[in-house]
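Heavy-atom basis, side chains included; hydrogens, waters and symmetry copies ignored. Just so it is clear: chains get the letters A, B, ... in the order the sequence lines come, proteins before strands, and each one is counted from 1.
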There are 4 protein chains.
Amino acid sequence: MSRGNTRQRIQDVALELFAEHGYEKTSLREIAERLDVTKAALYYHFKTKEDIVISLFSDLGRPVDELIAWAEEQPPTLETKREILRRYHAALAGARPLFRFMHENQATVRDLSIGETFKERMTTLAGMVQDPDASMADRVRCVSALFTLHAGLWVMQAVDGDQEEKSRAVLEVAEDLMSRAHHGE
Amino acid sequence: MSRGNTRQRIQDVALELFAEHGYEKTSLREIAERLDVTKAALYYHFKTKEDIVISLFSDLGRPVDELIAWAEEQPPTLETKREILRRYHAALAGARPLFRFMHENQATVRDLSIGETFKERMTTLAGMVQDPDASMADRVRCVSALFTLHAGLWVMQAVDGDQEEKSRAVLEVAEDLMSRAHHGE
Amino acid sequence: MSRGNTRQRIQDVALELFAEHGYEKTSLREIAERLDVTKAALYYHFKTKEDIVISLFSDLGRPVDELIAWAEEQPPTLETKREILRRYHAALAGARPLFRFMHENQATVRDLSIGETFKERMTTLAGMVQDPDASMADRVRCVSALFTLHAGLWVMQAVDGDQEEKSRAVLEVAEDLMSRAHHGE
Amino acid sequence: MSRGNTRQRIQDVALELFAEHGYEKTSLREIAERLDVTKAALYYHFKTKEDIVISLFSDLGRPVDELIAWAEEQPPTLETKREILRRYHAALAGARPLFRFMHENQATVRDLSIGETFKERMTTLAGMVQDPDASMADRVRCVSALFTLHAGLWVMQAVDGDQEEKSRAVLEVAEDLMSRAHHGE
DNA sequence: GATGAATGAGTCTTCATTCAT
DNA sequence: AATGAATGAAGACTCATTCAT
């Protein structure tokens, strides 16, 4: 049945379990059992448990890196920032379980080797949408816009309604927040 | 030698470590060593590791319960909702490490016995600030206002400036978001 | 409420729990909780956990010692042996939980300091009812008579009927076994 | 180095220690040390400590199950009952340490998951050798016959003589007891 | 006559990891 | 590409025991 896809299947199952129960509470035994292979098999594909997380992060986190690279070459206009929001929104949608995992396991992620990278990326992104000369409130608005997207899952489970519709509303609110932070422009 | 404050000291150290490294990565040995007592001493004061978290939650989480109780008796006006934001903002400020722990260890908290309670409280609060007849975007605004406060720590570490000033700005943005969701009123 | 009788109450509860769950599985915490005192209180009355068993054994096991002392001065006739059975039967009835405990926890008792004494006593008793010149089968009969009494509880729970009636029947069978071992007399 | 016999070796050592010192007083550390493996190795072969006992019980207790199955299809004549005694005698001889363990650790066994099964089997067997219409004394005789075998070890250590000869005598006494319970037939 | 607080040694158990096959 | 067998380190937890008050 399965041929070269075992590595992929490990990633899938691992991400699912990590997101559901957290990294530390998910044991390699559990992952192996779900896949009906032995723990040792996991070690054929990944050097360590942490390696699995790293692989998830670099496979699924790439779009965010690309977004940052793109943004760094744009002028820091309101329109650019709105586009950042739109792209970030899309990136999140494409790797929801990974971002859920990261959002809900920050304490863990911080202690992992990817922690640093992760934090840097978020800081970079936050820096890009802020205007250093704006008022404190406006700077908070910009970061909050970003964060609203990032916490979309959370926000959305607290509101009733169609999934798609909520997702659009979240983006709308974020963009609006961003615009209000630039009322002068 | 030691007075009746050991229980309190355990809670303090535990909360600090839980918030810093997460619940699972913090061992009772670590807590005991910091306090210079034996692991068994912890068990004199708390039945299980989970019990420590539960005690933190019920000691420090009380203000939020009181807030909910109060809010349930108010009319659902804009002013009430703004007051909810102010009070929630104050409650968070009073137990920042606990909320940081909960925010950053959601996957863990979910698997703990307090998880249910915690989720209920957040859902109740989210329900109270929303107007069921409002547009989807406005409902998202309300929840996002709450969440902005809740994630204050996160937001604030991404913005430079004086701690106090940022804290006020966060509340201001939240209140403003809430107001915008009630433009008709 | 309780005055000088705490020691007695400890013994009662301890014996009950030891008989039900065994010596090692019964913790001092359990005993203390049942009595609604602290573990430390137990240590006021008994030096160690083993001391509790020892006290039970010397308080309740005395009748058997007396029986042995008495028997040692009698001629080894069939009638003496039947009287031993009757007296042993009575001694068992008077301290059923203790004998149940000893019977069902032999491995434990063996490792306790009383173990030696206990075994000696049983061996002495077994020696007294046997006739060294009898056939092997008859010697087994004598020991089996003793043992049938000793295992009365066990035997009796495998047979339906009135408690008292069964108890008498057990003694009858034991006496009959003993008589058959002495057919010549 | 080691072949597939580790599981078996664990069972052997465990049974020996359980029989000698009891289940609770035998630690996995002790078992592991005797085998010169780590405790974790035990867990590769058995899920829990209790699992070791369960495995012993189902490996070595099978003959008794077979005996019961066989007996259920026989007419309840005296001859059948004597054959039950003979077969039970043989079954016990084949797994003496296990039965010694069970006999001497009844309180423990009762609290283990196998306890129920064990008790059921003994009750079934006791039910099969009794004649419900017989006198109470005769019913006790039947059960006592069974029990005499079961306690053979105990009986035999209280009697001097050759092991084999005693074993035969025990069976003889048991058969005789059974016969006496059926004098009319 | 008893408690509150604590300890040290030990329990069972789980985990990530290794390696010969 | 994967397994069977095992390890070392660590985990949470329990226990009998002590002692100042």
Query raised in the report: Does C:Y43 have a side-chain nitrogen or oxygen under 4.0 Å from the phosphate oxygens OP1 or OP2 of F:dT17?
Result: yes
Query raised in the report: Quick one: is E:dA2 close enough that its OP1 or OP2 comes under 4.0 Å of any side-chain N or O from C:H45?
Result: yes
Query raised in the report: Which whole-number value in Å describes the distance from A:I10 CD1 to F:dA2 C1'?
Result: 10 Å
Query raised in the report: Is the cationic atom of A:K49 (NZ for Lys, CZ for Arg) positioned less than 6.0 Å from the six-membered ring centroid of A:Y23 and within 45 degrees of its normal?
Result: yes
Query - Carboxylate-amine/guanidinium proximity below 4.0 Å for C:R100 and C:E20 - result: yes
Query raised in the report: Do A:F57 and A:V109 touch side chain to side chain, with heavy atoms closer than 4.5 Å?
Result: no
Report task. Ignoring backbone atoms, test whether D:R29 places a side-chain nitrogen or oxygen under 4.0 Å from the OP1 or OP2 oxygen of E:dC12. Result -> no
Requested in this report: Can you see which heavy atom on D:F101 is nearest to which on D:F18, and at what distance?
Outcome: CD1-O, 3.6 Å
Query raised in the report: Please give, in whole Å, the distance from F:dA10 P to B:K25 NZ?
Result: 12 Å
Report summary line: A:E33 atom CD is separated from F:dT3 atom C1', nearest whole Å, by 15 Å
Query raised in the report: Ion pair present between B:R34 and B:E30, side-chain N to carboxylate O less than 4.0 angstrom?
Result: no
Query raised in the report: When the distance from NZ of B:K49 to C1' of F:dA10 is rounded to whole Å, what number comes out?
Result: 12 Å
Query raised in the report: If you check every side-chain atom of D:T38, which of F:dT7, E:dT13, F:dA2 has the closest atom?
Result: F:dT7
Report summary line: If pairing means Watson-Crick or G-U wobble with both distances under 3.5 Å, then the partner of F:dC13 is E:dG10
Requested in this report: Mind calculating the distance between CD (B:E24) and C1' (E:dT14) to the nearest angstrom?
Outcome: 13 Å
Report task. Output yes when at least one side-chain N/O atom of A:T6 is less than 4.0 Å from OP1 or OP2 of F:dA2, else no. Result -> yes
Report summary line: pair_partner(F:dA20), Watson-Crick or wobble, both distances < 3.5 Å, evaluates to E:dT3
**Report entry** Comparing D:R7 and B:Y23 on DNA chain F - which has the more 5′ nearest nucleotide
**Finding:** D:R7
Requested in this report: Let me know, please, whether D:E50 or A:K39 comes out on the 5' side of the other along DNA chain E by nearest nucleotide.
Outcome: D:E50
Query raised in the report: Could you state the CG-C1' distance from D:L35 to F:dA5, rounded to the nearest angstrom?
Result: 14 Å
**Report entry** Under-4.0 Å side-chain N/O to phosphate OP1/OP2 contact, A:Y44 with F:dA1
**Finding:** yes
**Report entry** Separation of atom CZ in A:F46 from atom P in F:dA1, rounded to whole Å
**Finding:** 13 Å
Report summary line: Note: for B:L28 and D:D36 on DNA chain F, the residue whose nearest nucleotide lies more 5' is D:D36
Query raised in the report: Once you round it to whole Å, what is the distance between C1' of F:dG11 and CG of B:L42?
Result: 13 Å
Query - First encountered from the 5' end of DNA chain E, between B:A40 and A:S27 - result: B:A40
